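Taking it in order: structure first as structure tokens, then the write-up.
Each chain gets a letter, A, B and so on, in the order its sequence line appears, and its residues count up from 1. Predicted model, so just to flag it, every value in this text is computed and none were measured.
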Amino acid sequence: MTAPFAWIRPEPHGIHVAPANCWIDPSQPVANALVTHGHADHARGGHGRTIATPETLAIMELRYQTREGGLPAHYGETLRLPGDVSATFVPAGHVLGSAQIVLEHAGERVVVTGDYKRMPDPTCPPFEPVACDVFVTEATFGLPVFCHPPIEQEIAKLLAARERYPERCVLVGAYALGKAQRVIVELRRAGHHDVIWLHGAMERMCRLYEELGVPLGDLRLVTDAKKEELRGAIVICPPSALNDRWSRRLPDPITAMASGWMRVRQRARQRNVELPLVISDHADWGELTATIEEVNPQESWITHGREEALLRWCQLHQRRARALALVGYEDEDD
Amino acid sequence: MERFAALVDGLVYTRSRNGKLELIADYLRTTPDPDRGWALSALTEGLSFPAVKGSTIRNLLMERVDPVLFALSRDFVGDTAETASLLWPKPAGAVMPPPTVSEAVEALSRMTRVSVMSELPRLLDRLDPSGRHALLKLATGAMRVGVSARLAKTAFAQAFGVAVEDVEEYWHALGPPYAELFAWAADGAEPPNTGEMPLFRPFMLAHPLEDAELDLADFVAEWKWDGIRVQLVHAGGETRLYSRTGDDISHSFPEIAEALSIPAVLDGELLVRGAHQGGEAGGAASFNALQQRLGRKTVSKKMLDEYPAFVRLYDVLILEGEDLRELPWTQRRARLEALMPRLPLERFDLSATVEVGSFAELAEIRSGARDESIEGLMLKRRDSPYVAGRRTGLWYKWKRDPLLVDCVLMYAQRGNGKRSSFYSDYTFGCWDGDPDEGADLLPVGKAYFGFTDEELKQIDRYVRNHTVNRFGPVRETDRSLVFEVAFDSVHESKRHKSGLAMRFPRIHRIRWDKPAHEADRIDALRALVRD
């Protein structure tokens, strides 16, 4: 008998499932890839065959024009892979199409979360905890200082700033896949039905969300607006455009950013953000630790983020854990 | 406390000066006494609670949070008070409503080193993270919200439509929570009487002279001496010596305080007798000699003999009850010259003007300032009144060019606050011999400014990719990057292993192109010592 979990190995460029000859979220082109979700640090183009949810495949097609080789896996459906490995895609609650991948082989079960969160998100189905032997978790916000407030509170801050300065506009930096659409839907739920103006880089992803069944209301492009129309309006752009020349066309914008990093004052200051909105698509410290307790694995493997602190927590709670040194995962602009 | 916390957060996130002024003015107008007075004191860093230290906060957290998790969090957040405000556990059971600012100040001032450990938590339990942050900042006396005392006073003046010069003047006659100041500005009460008190008057300051050329018909030149700027005040039978920040330093220089008995407010440079600056005749010792006298509570006879102090006078603000500040510089200068014979020669002399025919001639004199070991030149408009602060177009300082030396980056430390994720504090060294024959680098200084934000990112990346050792927040690099370091002067010192210490070192240029073994040697630096 081989050592436990020897069939699944963390390598610098992804998690290798040896008997099935496939990789999870590889950062280099491989023959067979299992992809948890569409963010660029997890989903890359150029693989021979890509297994992912239909939504993730659609997102990848939009980003990399890679139609061939896509093999859709619906939530809950179990795929038989070579080498007597089975893979089941389970909702992760991170962004549209995001999935945990449940792998089973030789009586052992490993769950790879990709990125996930536990807070409700109207743009995707909620995270489903799956009991397992090895839980491969993210740790983007793996420090006890991170505690994401209810999103309603942050949306109210955004709407209050808009009320207070009717002559200005509120420019919200939000990651183009997931965060932007979630903010839009939450604004609609809070009763904001005016036009929401978009930076050009947001448009295609928003259209795709609508095609996939997430209505976003009246969206228009900033390039089509007269400056007067933008007074008192909400504009959404990728974080990189916040302090860019692009924003000069806007009427005295209030710079906001929707990100979990905004919990820390100096992170907001480093980006010249005036209105920090603590909105994240990742689990905060409380969610990360509560999820490990709920899933109750024999071992936790921590992929990326602030793994040192989460390791420490596991140690304090007598839980076996190890940090994986994967490359290529970024602290994306969440 | 919630409104004060919102003000503090607003100031953290607001970049523009006008935006900050509006936030503070709005708060001061709409907040009741004495809360607004305490808040203003906190913003001007006039509050101190000796029972609350940075270590107090750390210790409180250690009782509640795992030390390793606290350290990792502090390292990421870059600020102890903010880390504590985020990590503070939810109190069990019902809590009282948040305290007012006055309530918090009262409670904080009652705390002792012992009681703080039980009483500060009770206040923290009543607040949300933002309130806890504001409270801890207020309690430790370091707001760090990008607001200078001057800006806060300007906001006060703006809030109530009074002159900031008047605010500055009355400020030093009063103390927290400045009830009389609000009574005067907000409610039209009589201004506080300052005539018979030996009060500090805010200094008039100079702008650096950029590449402009000035007309000497309008401007007069004076030497810029390398001592400390002081104000000497005699009123109501008492004499006080104030530093630039308004600190009373009379006790460190009793011989100066004793030497003035005419009711007056004088502006000058505090120096120690010597031949280092400006030659033998009427010369002054180096700044290093003056440093021996600074910060002493009592002064020995030996000190007084070895380092005799005197004041080189620049200006007179008030003389025998007459306020001269509105007069043009030429008239004040005439009054000062007339006053000189009445002052003891041993303790006072007059800062001479530099008489030249043209600006070009002046530029030549400035370039020779290094040989005379003088800091540079001052240029003052002949018709300038004496106004508090730095008003454009009146006074300029024209420092001599800095000294330059090529050093090798040895250690980098993570910054605080805005730079908390960047390696932004650099320790650099020079070779103690020929680097090609096994010489070693010895640290000669530390600098954390002089580079742009973009360069900071580049150096940060460089440090991360060239680390050979880590010691907590410090990384040792592979000693391959050369900085051209600018500094004002260099002195013998026991602080560094090299035995040398620079004054005002800053990163002048990053020499990505220069190999480390071509950096300067200690000997080259030592040759620049002028003690």
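Heavy-atom distances place both the backbone and the side chain of B:Ser130 under 4.5 Å from chain A. If you measure heavy-atom distances from A:Val145 to chain B, the contacts under 4.5 Å come from both the backbone and the side chain. The part of A:Arg312 that comes within reach of chain B is its side chain, from C-beta onward, which places non-hydrogen atoms under 4.5 angstrom from that chain.
When ring centroids are compared, A:Phe141 and A:His148 come within the 6.0 Å threshold.
A:Glu138 pairs by the side-chain hydrogen bond (donor to acceptor under 3.5 Å, both in side chains) definition with A:Thr140, A:His282, not counting sequence neighbours. Residues passing the salt bridge (charged side-chain N to carboxylate O under 4.0 Å, His left out) test with B:Arg126, sequence neighbours excluded: B:Glu103. With sequence neighbours left out, the salt bridge (charged side-chain N to carboxylate O under 4.0 Å, His left out) criterion links B:Asp425 to no other residue.
Chosen from B:Leu86, B:Leu72, B:Val68, the residue pairing most often with chain A at heavy-atom distances under 4.5 Å is B:Leu86.
Remark: A:Met202 CE to A:Leu177 CG distance equals 10.0 Å, nearest 0.5 Å.
Contacts of residues 4-14 of chain B with chain A at a heavy-atom distance below 4.5 Å involve B:Asp9, B:Val12, B:Tyr13, listed in sequence order.
Residues B:Arg3 and B:Thr31 have side chains that bring a donor and an acceptor to within less than 3.5 angstrom of each other.
Within a 6.0 Å sphere centred on CD of B:Glu476, heavy atoms belonging to other residues, nucleotides or ligands number more than 12.
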